[in-house]
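Report on the structure given below.
Every heavy atom of this structure was used, including side-chain atoms; hydrogens, water molecules and symmetry mates were not.
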Amino acid sequence: MKKIKGFTLVELIVVMAIMTIIMAALMHFMSPIRDTYVDSTLYESQRTTQSGIGQYLCESVRYATNLGIYGNSDSSVSNSVDAAKLFLEEVTGTPYVSMSAEEKELENRLQIITIDQSTSYSFGNETYTGRIIRRKVADESGATAQTVNANDEKADTTTGRLALGSAYYGSSDYTITVVPDTGNNTLTFTITSAPYSSLKANTVAVSTESSVSLKNLGITGHIYDTSHYSDSSPNSKIYIVFLLPIE
């Protein structure tokens, strides 16, 4: 009978060791490619997120007939109620008096977008920082007793939240600045985020700008109040208060 030759245990161990070394070398070689792919994917996700935020903000204020921008770097603005009152005073030209006939009519059309870049909150098993909340001042029932005070801190609740912190696109810190141009009735939102992993180490920023033309502000008597906001000063909260056309 012919003797069947096979691999010895030592030979198998040697072959497996060689293959392990080869695989380790290949993985090391592929690692930069994988990291680049991951970073590029997250970078693109950030761009997509920023574009969505910019488009939402632009579409929200596009048809505003009167608009004011307020930042909490101004000592007179500590919350959305302060911003709403300042805006109503600017529109009416008189100090705010709760439930005056003119203010009641305006409050039914008044809306506020709060860009909150400082408040942390938990959702699921994650902690996020930052929200964009759009709300009406008057409630949906149209109650006659409704005033700007009734929704005092509603914009600071977690209702209507949008994460501007770590989410599926990686660990990033978002900032939003608003650049008003009262001369041309335009508004530019600049959304910037710190990029992920190696991109962040290289101090490369992901930034997207979205601009909107506020054509309804061209009417006689329109208000475009930016006196309480400065894009060069840090604003952890920005309040955009505006009136929409009468339906």
Side-chain angles (χ1 to χ4, degrees), residues 53 56-57 60-61 64-100 102-123 127-140 143 145-165 173-180 182 187-192 214 217 222-244:
I53 293 172
Y56 171 77
L57 292 172
S60 295
V61 302
T65 57
N66 296 272
L67 185 142
I69 307 169
Y70 307 91
N72 64 351
S73 61
D74 189 315
S75 59
S76 62
V77 181
S78 59
N79 53 45
S80 58
V81 176
D82 293 338
K85 288 180 178 179
L86 286 172
F87 178 74
L88 288 173
E89 289 180 353
E90 183 73 15
V91 173
T92 61
T94 59
Y96 179 82
V97 179
S98 177
M99 294 307 296
S100 70
E102 183 178 11
E103 286 165 355
K104 190 193 314 184
E105 188 278 328
L106 293 174
E107 287 172 6
N108 288 329
R109 295 191 286 131
L110 192 66
Q111 300 203 23
I112 303 175
I113 295 177
T114 300
I115 302 175
D116 182 350
Q117 303 177 106
S118 61
T119 304
S120 297
Y121 62 94
S122 296
F123 182 66
T127 299
Y128 301 96
T129 300
R131 291 165 292 183
I132 296 178
I133 302 173
R134 176 177 173 177
R135 69 180 179 89
K136 291 183 177 181
V137 169
D139 62 19
E140 297 296 333
Q146 182 68 31
T147 73
V148 70
N149 295 292
N151 284 319
D152 192 343
E153 294 302 320
K154 188 173 181 180
D156 295 323
T157 68
T158 57
T159 304
R161 59 198 161 200
L162 173 67
L164 299 180
D173 298 319
Y174 272 76
T175 59
I176 298 177
T177 56
V178 181
V179 184
T182 53
L187 199 58
T188 300
F189 298 97
T190 303
I191 303 103
T192 304
L214 304 169
L217 289 188
H222 75 269
I223 299 299
Y224 194 176
D225 183 21
T226 61
S227 59
H228 295 270
Y229 172 78
S230 172
D231 62 305
S232 60
S233 300
N235 289 274
S236 59
K237 291 183 181 179
I238 302 171
Y239 305 101
I240 302 174
V241 190
F242 57 102
L243 291 174
L244 293 177

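- The shortest non-hydrogen separation linking Leu217 to Ala64 is CD2-O, 3.8 Å.
- With values rounded to the nearest 0.5 angstrom, Lys237 atom NZ is found 8.0 Å from Asn79 atom CG.
- What you find for Ala83 and Tyr239 is that their closest heavy atoms are CB-CB, 3.7 Å.
- Every residue two or more places apart in sequence or in another chain was checked for a side-chain hydrogen bond (donor to acceptor under 3.5 Å, both in side chains) with Asn66, and none qualifies.
- What you find for Asn72 and Ser236 is that their closest heavy atoms are ND2-OG, 2.9 Å.
- Here the CZ-CD1 distance, from Phe87 to Ile112, works out to 9.5 Å after rounding to the nearest 0.5 Å.
- The minimum heavy-atom distance between Ala84 and Leu110, with the atom names listed, is CB-CD2, 4.2 Å.
- Once rounded to the nearest 0.5 Å, the distance linking CD1 of Ile176 with CG of Asp116 reads 10.5 Å.
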Practice prompt. Run the numbers on Ile69 and Leu187 for side-chain contact (heavy atoms from CB on, under 4.5 Å), then give the verdict.
Written response: CA-CA 10 Å; Ile69 307 169; Leu187 199 58; 3.4 Å; yes
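- With sequence neighbours left out, Ile113 forms a side-chain contact (heavy atoms from CB on, under 4.5 Å) with Leu57, Ser60, Val61, Ile115, Ile132, Arg134, Ile240, Phe242.
- At distances below 3.5 Å, at least one donor-acceptor pair connects side-chain atoms of Tyr229 with backbone N or O atoms of Val178.
- A donor-acceptor contact shorter than 3.5 Å is absent between the side chain of Asp82 and the backbone of Lys85.
- Applying the side-chain hydrogen bond (donor to acceptor under 3.5 Å, both in side chains) criterion to Thr226, with sequence neighbours excluded, gives no partner residue.
- Evaluation of the side-chain contact (heavy atoms from CB on, under 4.5 Å) rule for Thr65 yields Arg109, Asn216, Ile219, Leu243, Pro245 as partners, not counting sequence neighbours.
- Applying the side-chain contact (heavy atoms from CB on, under 4.5 Å) rule to Asp225 yields the partners Tyr70, Glu90, Ile223, Ser227, His228; only residues at least two apart in sequence or on another chain are considered.
- For Thr182, there are no side-chain hydrogen bond (donor to acceptor under 3.5 Å, both in side chains) partners at least two apart in sequence or on another chain.
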